[in-house]
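Notes for the one structure printed next.
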Amino acid sequence: MTSTEPTAPSGTTASSGPTPATESSPATASTPSTKPAPATASTPSTKSSLIWARRRSTVARFWASYRTRRAGLLGLAGLTLIALLALTAPWTVGADVQSVTQAPGTTLEPPSAEFPLGTDQFGRSLLGLLIWGARISLLVGLLAAVLSVAIGTLVGIIAGHYGGWFSTVVMRITDWFLVMPTLVLAIVLATVMSRSMWTVVLAIGVTSWPTTARLVRAQTIAVESRPYIERATALGGGHGHVMGKHVLPNVMPLVLAQTTLGISTAILTEATLAFLGLGDPTVVSWGGMLQDARDAGAVSSGHWWYLAPPGIAIALVALAFTLCGRAVESVLNPKLGVGR
């Protein structure tokens, strides 16, 4: 019995053993509570670095595939050269090249060492006017294409997302714009509104969006049939979340290709409007140069150097944008089978 009594204290000691364990358990519990703090603090930066790493990887893959398209590289080189000439025009040719009263030459001089492309009806250098006019033609083409694609993308995503009678009505309106001649509508708008560069941009942008809208709508329907869209909706994602976070990123490659292809069309339309006298008379553009050549009787008098430079410039820029657009389209959608 005496030997059993110490056993009781040892049992008591055994029972008191959990007390230190209990004391140490807060330390153990505090350890996980301190670990998430730095992890949570570093999560945004880690997520941001992962996003930028993926974007850099995507751009690198895109460029690696794009540079295998020889036609696309040729178009990109031509556009880069023309863009550099247009950006440096204030320093290379100066704004005085547009002045009628301070023209350095005489009327309609043929090409020479002093004037490589000849002069216009006021004695201005056609080479300087051609370089300066690239600024307006490229700017109008870019802005009009961006406006057109933005309208088409918005209409296409909304019509494809909501569907039903709303999509039917929107598509019937789109079809009406699609069958109407774009140039005729642009001429009507440019005639009704005041003559300015922004009028030309607006006239081209609001009349050339239907093709983009139909393409984006079809792509939106295809994207929203995927399972992750259904999961996002089930988790509480609203219409704006689905269209902005899931649909728009998936249609952006198509939008980019359409923008590149649309710039060439916008430049041609701007030149046509300016040639018809509906452009901004206060600025120099390639279409405006063609109009001036027509007014000066360059066609009947045989002054080819007045007509050829702006016409060739318009054709080359349109070709370069088309080559770049087809290359971008073939990279983003290899199933098209566009040649290199």
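Just so you know, residue 1 is the first one in the sequence shown, and it goes up from there. Being a predicted model, the structure only gives us computed values, none of them experimental.
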Would you find a donor on one side and an acceptor on the other, under 3.5 Å apart, between the side chain of [X] and the backbone of [Y]?
| X | Y | result |
| --- | --- | --- |
| Thr153 | Ala150 | no |
| Ser167 | Gly164 | no |
| Trp52 | Ser49 | no |
| Trp209 | Val155 | no |
| Ser148 | Ala144 | no |
| Ser264 | Thr260 | no |
| Ser137 | Ala134 | no |
| Thr269 | Ile204 | no |
| Ser99 | Gln102 | yes |
| Thr174 | Pro210 | no |

Would you compute the distance between atom [atom1] of [X] and atom [atom2] of [Y] and round it to the nearest 0.5 angstrom?
| X | Y | atom1 | atom2 | answer |
| --- | --- | --- | --- | --- |
| Leu76 | Leu81 | CG | CG | 11.5 Å |
| Tyr306 | Met289 | OH | CE | 7.0 Å |
| Ile267 | Ser285 | CD1 | OG | 11.0 Å |
| Asp120 | Leu130 | CG | CG | 12.0 Å |
| Leu183 | Thr207 | CG | OG1 | 8.5 Å |
| Thr282 | Ile136 | OG1 | CD1 | 8.5 Å |

Taking all non-hydrogen atoms of both residues, which atom of Leu290 and which atom of Leu307 are closest, and how far apart?
->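 Minimum heavy-atom contact is CD2-O, 3.6 Å.
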Distance-only polar pair, side chains of [X] and [Y], donor-acceptor under 3.5 Å:
| X | Y | value |
| --- | --- | --- |
| Thr182 | Ser208 | no |
| Thr199 | Ser196 | yes |
| Arg69 | Ser330 | yes |
| Ser57 | Arg61 | yes |

Using a 4.5 Å cut-off on heavy atoms from C-beta on, say whether the side chain of Arg195 contacts that of Asp280.
->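 No, side chains not in contact.
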Before giving the answer on side-chain contact (heavy atoms from CB on, under 4.5 Å), spell out for Arg226 and Asn250 the whole-Å C-alpha distance, their side-chain angles and the decisive distance to 0.1 Å.
-> CA-CA 12 Å; Arg226 297 172 185 173; Asn250 282 279; 3.5 Å; yes
Evaluate the ring planes of His303 and Trp305, with Trp represented by its six-membered ring, and classify them as parallel (under 30°), tilted (30 to 60°) or perpendicular (over 60°).
->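 Ring orientation of His303 relative to Trp305: tilted.
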In the single-linkage hydrophobic clustering (I, L, V, M, F, W, Y; side-chain heavy atoms under 4.5 Å), do Leu178 and Ile158 co-cluster?
->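 No, it is not one cluster - the side chains of Leu178 and Ile158 are not joined through contacts under 4.5 Å.
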Stepwise, does the side-chain contact (heavy atoms from CB on, under 4.5 Å) test hold for Glu224 with His246?
-> CA-CA 9 Å; Glu224 293 204 353; His246 298 289; over 6 Å; no
Going through the checks in order, is the side-chain contact (heavy atoms from CB on, under 4.5 Å) test met by Leu84 and Thr80?
-> CA-CA 6 Å; Leu84 287 176; Thr80 302; 4.2 Å; yes
Cationic tip of Arg135 within the cone over Trp132's six-membered ring, i.e. under 6.0 Å and within 45° of the normal?
->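 Output yes; distance and angle both within limits.
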Step by step, would you call Leu85 with Thr92 a side-chain contact (heavy atoms from CB on, under 4.5 Å)?
-> CA-CA 8 Å; Leu85 290 175; Thr92 55; over 6 Å; no
